[in-house]
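A quick write-up on the structure given underneath.
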Amino acid sequence: MKLTKKNLAEKLDHVYDVIIVGGGAGGLSAAIYLQRYRLSCLVIEKGRGRSFWMQELQNYLGLPPGTPGRTMLQQGQNHFLSLGGDYLMGFVEEVKDEGDTFAVKTKIGKVESSYPVFRAKYVIAASGIIDHLPKLDDMQNVFDYAGHNLHVCMICDGWEMADTKCGLFAGTEGAINTAFVLNWFTPYITVFTQGLFEVSDAMREKLKAHGYPLVEMPLKRFIGHDHTMTGVELADGSTIELETGLVAMGSHFYNGYLQGLDLEWKGGNLATDNMCRTSHPRIFAIGDLKEGLNQVSIAVADGTLAATAIWREIRRSSPPRLWEENLNLMTPGVPVS
């Protein structure tokens, strides 16, 4: 069921088999499998994750091209709830290892917040990453186009950028190198630094050799209509025509709640085995938090792996279920009527 401040008290003494931090594609995949394995599961979702901002999923098998990410998430949430799982909108602040269980401290509500603690035998970290977008005075101007034809993932949306006039909005000089991969899809690339960093002479020469203009003036706003970006206006009032854009400004992990645990990290990613188990035997990491390709299809598969590994472990340590009514009838020497 959906948990709120009004009904969560009845769950505070319950020990879940698994708490999943993150209700994106990976978290919901794991949750659906866990419930179908007849385990008790709580999903805690902070809201507005990466999948939520995907305005059009174009490369996920089984979904019509153009399906909004939030539609996929809502369908997944409904499926999970229909299986008897618990779902809570909240922000996980801390996970403590208590030995046999984990204590998961959660902030609920931005005003008059409460901080309930839920417990589980296992934790799946599925909280993902948050992409950095250009910082403008009017951020709604950015949100109007982000996820439409202002893209954040070349693997997902390279097809949509093919042979178009594309603006590459870089956050560091290193991110400019994205242009030399993006040119597989289109050579009509203009690089924007937004005035955020200095560009070396070597990089300037490399861009010049490829014919890619470099624009270092800060952006004032994106230009367009009906969620279709058609260009940018610079700080001096001049405009540049574009047909699409790719944001390469980095991202940050939502993983602060794990920092108090003794886990093996590889940069910002958690090290895992082939079943998504971290260095802690009862903590799993799936999707963008672990090393690998940041794709919805990968996260969904990770959720399946983690849920199945947990079920196998719990099943093997549980006593077998007996058909007790038949035990005497099937005892050697006792006739069966």
Side-chain angles (χ1 to χ4, degrees), residues 22-25 45-58 66 68-74 89-93 107 109-111 113 127-154 156-157 160-161 164-176 178-179 182 189-197 214-256 268 288 294 296:
E45 164 62 17
K46 65 176 176 52
R48 296 182 177 270
R50 201 179 209 195
S51 297
F52 178 87
W53 290 105
M54 293 179 182
Q55 308 296 344
E56 296 181 349
L57 281 169
Q58 301 286 359
R70 65 192 70 185
T71 297
M72 176 193 67
L73 296 179
Q74 188 61 59
M89 293 298 298
F91 187 92
V92 173
E93 293 199 333
K107 178 182 178 181
K110 294 182 179 179
V111 180
S113 303
S127 45
I129 60 178
I130 300 172
D131 295 293
H132 297 161
L133 297 174
K135 293 287 192 297
L136 303 184
D137 291 338
D138 178 13
M139 284 305 297
Q140 185 57 50
N141 174 253
V142 182
F143 299 148
D144 284 343
Y145 306 110
H148 292 279
N149 70 331
L150 181 59
H151 306 285
V152 295
C153 177
M154 183 177 10
C156 302
D157 301 320
E160 279 67 44
M161 294 183 278
T164 62
K165 292 181 180 178
C166 182
L168 175 64
F169 302 93
T172 64
E173 180 174 84
I176 293 178
T178 304
L182 179 60
I189 301 168
T190 300
V191 175
F192 296 85
T193 70
Q194 307 161 78
L196 297 176
F197 55 90
L214 175 65
V215 179
E216 298 179 84
M217 185 174 293
L219 300 179
K220 181 178 180 180
R221 66 186 180 100
F222 289 96
I223 302 169
H225 53 82
D226 300 325
H227 300 299
T228 300
M229 187 266 296
T230 58
V232 295
E233 180 181 349
L234 303 177
D236 66 356
S238 61
T239 61
I240 297 176
E241 179 184 340
L242 299 170
E243 295 172 287
T244 189
L246 177 64
V247 178
M249 299 186 64
S251 57
H252 67 273
F253 294 92
Y254 170 31
N255 60 17
D288 298 340
N294 296 341
V296 170

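Counting begins at 1 with the first residue of the sequence.
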Would you say CD of Gln74 has more than 12 non-hydrogen atoms from neighbouring residues, nucleotides or ligands within 6.0 angstrom?
yes
Closest approach of Ala179 and Ile189, non-hydrogen atoms and distance?
O-CD1, 3.5 Å
Report the C-alpha distance between His252 and Ile129 in whole Å, list the side-chain angles of each, state the deciding distance to 0.1 Å, and finish with yes or no for side-chain contact (heavy atoms from CB on, under 4.5 Å).
CA-CA 5 Å; His252 67 273; Ile129 60 178; over 6 Å; no
Any non-hydrogen side-chain atom of Leu246 less than 4.5 Å from a side-chain atom of Met161?
yes
Contact summary for Met249 and Ala170, nearest pair of heavy atoms
CG-C, 4.0 Å
Nearest heavy atoms of Leu133 and Ala146, plus distance in Å
CD1-CB, 4.2 Å
Rounded to the nearest 0.5 Å, the CD atom of Gln55 sits from the CG atom of Asn149 at a distance of 11.0 Å
Would you say Leu242 and Phe222 make side-chain contact, with heavy atoms under 4.5 Å?
no
OG1 of Thr230 to CD1 of Ile240, rounded to nearest 0.5 Å, is 12.5 Å
Measure across Leu182 and Cys166 and return the closest heavy-atom pair with its distance rounded to 0.1 Å.
CD2-SG, 3.8 Å
Once you round to the nearest 0.5 Å, how far does CD of Glu233 lie from OG of Ser238?
8.0 Å
Checking side chain to side chain contact (heavy atoms under 4.5 Å, CB included) between Val152 and each of Asp157, Asn294, Val247, which is the one that passes?
Val247
Cationic N near anionic O, under 4.0 Å, Glu243 to Lys165:
no
Close side-chain approach of Val215 to Val191, heavy-atom, < 4.5 Å:
no
Would you give the length of the straight line joining atom NE2 of His225 to atom OH of Tyr145, rounded to the nearest 0.5 angstrom?
8.0 Å
Verify whether one side chain among Asp226 and Thr228 offers a donor that lies under 3.5 Å from an acceptor in the other.
no
Does the distance from a Lys or Arg side-chain N to an Asp or Glu carboxylate O, for Lys107 and Glu93, drop under 4.0 Å?
no
Between Leu168 and Thr190, does a side-chain contact (heavy atoms from CB on, under 4.5 Å) hold up when you go through it step by step?
CA-CA 6 Å; Leu168 175 64; Thr190 300; over 6 Å; no
Are side-chain heavy atoms of Phe253 and Ile130 found at a separation under 4.5 Å?
no
Could you check if a side-chain atom of Glu160 sits within less than 4.5 angstrom of a side-chain atom of His151, using non-hydrogen atoms only?
yes
What are the two closest non-hydrogen atoms of Cys153 and Cys156, and how far apart are they?
SG-SG, 2.9 Å
Please step through side-chain contact (heavy atoms from CB on, under 4.5 Å) for the pair Val232 and Glu241, ending with a clear verdict.
CA-CA 7 Å; Val232 295; Glu241 179 184 340; over 6 Å; no
Are Tyr254 and Phe91 close enough that their ring centers fall under 6.0 Å?
yes
Is any side-chain heavy atom of Thr239 less than 4.5 Å from a side-chain heavy atom of Leu234?
no
Quick one: does any side-chain atom of Glu45 pair with a main-chain N or O of Gly23 as donor and acceptor, under 3.5 Å?
yes
Enter the distance from Lys220:NZ to Asp138:CG here, rounded to the nearest 0.5 Å.
11.0 Å
Val142 side chain near Pro134 side chain, heavy-atom distance below 4.5 Å:
yes
In the structure I gave you, are the side-chain heavy atoms of Phe197 and Ile176 within less than 4.5 Å of one another anywhere?
yes
Would you say Asp137 has more than 12 foreign heavy atoms packed within less than 6.0 Å of its CG?
no
Whether the side chain of His227 engages the backbone of His148 through a donor-acceptor N/O pair (distance < 3.5 Å, no angle test) should be reported.
no
Return the minimal non-hydrogen interatomic distance between Leu150 and Met229, and the atom names on each side.
CD1-CE, 4.3 Å
